[in-house]
Amino acid sequence: MSAKSSIAPVRWTPPPAPAARQPRQLEVETVALPGHGPEDVLIDDDGSVITGLLDGRILRISADRSTVTLLADTGGRPLGLEWLPDGKMLICDANRGLLTLDKDNRIATLLDAIDGRPMRFCNNADVMPDGTIYFTDSSTRFGVAEWMADLLEHSSTGSLYRLTPDGRLTRLAAGRPFPNGVALSGDRFTLFFVETASYGLFKLDLTNAEAEPELVAMIPGLPDNIARGSDGLIWVAIGSPRNTSLDFLLPKHPVLRKAVWALPDAVKPKAADIIEIQAYDDDGNLVHDLRGKHPDFRMPTGVRERDGKVWLGSIGTAHLATFPTPQR
């Protein structure tokens, strides 16, 4: 077992938690998988669901949920999944960078290093019709296996990037605290993204090269992947509600968080055993606020709405979850 990284905590005062909510009750069905940690979900035209597991496998679950097919193995840790205009699949592999998977299930590397530095935490993406990719690299300090270290340290080393089809890479925002899910607006003039460590949903004006990210909404927890649904909304997976212990520690002397990081994993702060999902419109208005429990599913990290169904992935289970798209 590899040695645990050391952390150098930075003091940060969390914003006030959002006002008390009254989320609608969420009931889900689950689909068991032959492996753990289906972090994101992607829907194909035939209704089948694609996900990537902790061990690197990319699986396809048939629309009737009866068959699970192995598509490929990245040899890393697949996180965000998206379709490219040419029909290939884009894979954000935390360990290997941006990969593509073609229709013959062959994997190729699109981008694995930035300024000569191998990517350590390629996380989530969205894609323009011309093939331009917007993606997050969540941390230069820690890899996916030590994601909690980044939250505890709060050193804000993540960045948001644009990669054009000709290979030109542009950093759109730097020094961000664990940037994660990415989704384009309906008109594609705005890019939305969430920061897990700041609990924020942000937007960036893509028509203004000098624009800075603007806060759109405070998420009542730790947001993970986001995705634009076929219903036009931005769906947000909330991995866990805000942890009161973490919020207490963040503004305190750094030695306290060093002590917490040194604790055995069994006694570190844990994600709550619930399912929380939200959906926003392009103006930042909260449209759906959903909460539920299921014995086989918790810690939603991926969400995808398409054609009347919502699918969820989770790094904390060996199941996918699904529910009908709620009425507005």
Side-chain angles (χ1 to χ4, degrees), residues 10 12-16 18 79-80 82-85 90 92 97-98 110-111 113-115 117 119-141 150 154-220 222-229 232-238 278-287 303:
V10 176
W12 180 69
T13 301
L79 298 179
E82 295 294 331
W83 293 117
L84 292 167
L90 178 70
C92 295
L98 289 174
L110 193 60
L111 181 73
I114 296 173
D115 297 331
R117 172 189 60 80
M119 274 191 279
R120 301 191 67 181
F121 211 139
C122 184
N123 201 326
N124 197 240
D126 202 359
V127 182
M128 287 278 207
D130 68 354
T132 295
I133 299 166
Y134 293 92
F135 71 96
T136 51
D137 187 20
S138 294
S139 175
T140 62
R141 291 271 297 140
D150 201 87
H154 207 90
S155 51
S156 302
T157 63
S159 294
L160 178 68
Y161 292 94
R162 175 176 58 219
L163 180 66
T164 54
D166 60 6
R168 184 161 49 94
L169 182 68
T170 303
R171 182 183 282 111
L172 301 177
R176 310 301 299 191
F178 209 108
N180 201 323
V182 176
L184 288 156
S185 63
D187 58 16
R188 302 186 179 91
F189 294 151
T190 303
L191 185 68
F192 292 89
F193 68 98
V194 290
E195 293 176 350
T196 305
S198 74
Y199 320 130
L201 171 65
F202 295 84
K203 66 178 181 180
L204 182 67
D205 183 359
L206 298 177
T207 68
N208 179 3
E210 304 301 320
E212 295 290 334
E214 298 178 33
L215 180 66
V216 174
M218 291 303 303
I219 306 298
L222 281 68
D224 206 291
N225 291 346
I226 69 175
R228 173 167 297 280
L233 299 178
I234 300 163
W235 286 83
V236 180
I238 303 175
Q278 290 188 327
Y280 293 81
D281 65 21
D282 279 353
D283 294 322
N285 299 309
L286 179 61
V287 178
V303 58

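Just the heavy atoms: all of them, side chains too, but no hydrogens, waters or symmetry mates, feed the values below.
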Report the C-alpha distance between Leu163 and Thr132 in whole Å, list the side-chain angles of each, state the deciding distance to 0.1 Å, and finish with yes or no for side-chain contact (heavy atoms from CB on, under 4.5 Å). CA-CA 6 Å; Leu163 180 66; Thr132 295; over 6 Å; no
Criterion side-chain contact (heavy atoms from CB on, under 4.5 Å) on Asn180 and Phe193, from CA distance to verdict: CA-CA 7 Å; Asn180 201 323; Phe193 68 98; over 6 Å; no
Evaluate side-chain contact (heavy atoms from CB on, under 4.5 Å) for Leu110 paired with Ile133, printing each intermediate quantity in order. CA-CA 11 Å; Leu110 193 60; Ile133 299 166; 3.5 Å; yes
Under the side-chain contact (heavy atoms from CB on, under 4.5 Å) rule, what do Leu79 and Asn124 come out as? Steps first, then yes or no, please. CA-CA 7 Å; Leu79 298 179; Asn124 197 240; over 6 Å; no
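If you take CG on Asn225 and CD on Glu82, they are separated by 8.5 Å, rounding to the nearest 0.5 Å. The CG atom of Leu201 sits 10.5 Å away from the CG atom of Leu286 when rounded to the nearest 0.5 Å. Residue Phe192 holds its CZ atom at 8.0 Å from CD1 of Ile226, rounded to the nearest 0.5 Å. Rounding to the nearest 0.5 Å gives a distance of 5.0 Å between CG of Leu169 and CZ of Phe135. Summarising the geometry, atom OG1 belonging to Thr190 is positioned 6.5 Å from atom CG belonging to Leu206; distances are rounded to the nearest 0.5 Å. Atoms CE and CG, from Met128 and Leu84 in turn, are 14.0 Å apart once rounded to the nearest 0.5 Å.
Between Ser139 and Asp150, the side chains place a donor N or O and an acceptor N or O closer than 3.5 Å (distance only, hydrogens not considered). Side-chain polar atoms of Asp137 and Ser159 form no donor-acceptor pair below 3.5 angstrom. For Asn123 and Ser138, the side-chain atoms include at least one donor-acceptor pair closer than 3.5 Å.
Minimum interatomic distance between Leu98 and Cys122 (heavy atoms only, all atoms of both residues): CD2-SG, 3.7 Å. Across all their heavy atoms, Leu111 and Ala113 have their closest contact at CD1-O, 3.4 Å. Heavy atoms only, all atoms of each residue included: His154 and Ala197 are closest at CE1-O, 3.2 Å. Between Tyr199 and Pro14, the shortest heavy-atom distance links the atoms CE1-CB, 4.3 Å.
Residues Trp12 and Pro177 have side chains not in contact (no heavy-atom distance under 4.5 Å, counting atoms from C-beta outward). The shortest distance between side-chain heavy atoms of Leu222 and Ile238 does not fall below 4.5 Å. Side-chain contact between Val236 and Tyr280 is present, with heavy atoms from C-beta onward closer than 4.5 Å. For the pair Pro129/Pro85, no side-chain contact is recorded, criterion being any heavy-atom separation below 4.5 Å from C-beta on.
When atom types are taken as modelled, the side chain of Asp282 and the backbone of Gly186 share a donor-acceptor pair closer than 3.5 angstrom. At least one donor-acceptor pair closer than 3.5 Å links the side chain of Thr157 to the backbone N or O of Thr140. With Arg228 contributing its side chain and Ile234 its backbone, the two residues share no donor-acceptor pair below 3.5 Å. The main-chain N or O of Asn285 is never found under 3.5 Å from a side-chain atom of Asp283 such that the two would form a donor-acceptor pair. Asp115 contributes no side-chain N or O that, together with a main-chain N or O of Arg117, makes up a donor-acceptor pair within less than 3.5 Å. Side chain of Arg120 to backbone of Arg141: a donor-acceptor contact under 3.5 angstrom is found.
The ring of Phe178 has its center closer than 6.0 angstrom to the ring center of Phe121.
The residue from Leu204, Leu191, Val127 that alone fulfils the side chain to side chain contact (heavy atoms under 4.5 Å, CB included) condition with Val182 is Leu191.
Annotation: cation-pi pair Arg176/Phe202 present, NZ/CZ under 6.0 Å from the ring centroid and within 45° of its normal.
Within 6.0 Å of CZ in Arg168 there are 12 or fewer heavy atoms belonging to other residues, nucleotides or ligands.
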